[in-house]
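Only one structure is covered here, and it is reproduced in the block below.
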Amino acid sequence: MLDALESQPASASVDLIKDRVATMSCKAAVKGNHKLSVSEVHALIDELMTLENPYHCPHGRPTIISMSKYEIEKKFKRIV
Ligand SMILES: [Zn+2]
């Protein structure tokens, strides 16, 4: 990451560098269909919850969603 940032022109703004770092972070993140062990899941969630804002990635996309029991029952057609 530092090597990639080193190639940025000296005139690159802080916002541009922040954007590059955010993009690199998201590209390196765990994606769908990537299997993790239970201990890896716990370690990731523990680390996530130490962040100032654990609820969104640097691009503003949610990292956590909540769903009520009612919504889950509706999705499984337990409630019509
Ligand atoms: Zn992102």
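Order of appearance sets the numbers: ligands from 1, and atoms from 1 within every ligand.
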I'd like to know whether NZ of K69 has more than 12 heavy-atom contacts from other residues, nucleotides or ligands below 6.0 angstrom.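 No, NZ of K69 has 12 or fewer neighbouring heavy atoms, counting only those of other groups under 6.0 Å.
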Please determine whether the number of non-hydrogen atoms from other residues, nucleotides or ligands lying under 6.0 Å from atom NE2 of H42 exceeds 12.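 Not more than 12 within 6.0 Å, no.
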How long is the span from the [atom1] atom in [X] to the [atom2] atom in [Y], to the nearest 0.5 Å?
X	Y	atom1	atom2	answer
M49	I64	CE	CD1	5.0 Å
T50	I45	OG1	CD1	12.5 Å
L48	T63	CG	OG1	5.0 Å

Closer than 2.8 Å to the Zn ion (ligand 1), which protein N, O or S atoms?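 Within the sphere that stays under 2.8 Å of the Zn ion (ligand 1), the protein atoms of type N, O or S are C26 SG, C57 SG, H59 ND1.
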Is any side-chain heavy atom of V14 less than 4.5 Å from a side-chain heavy atom of K18?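 In contact.
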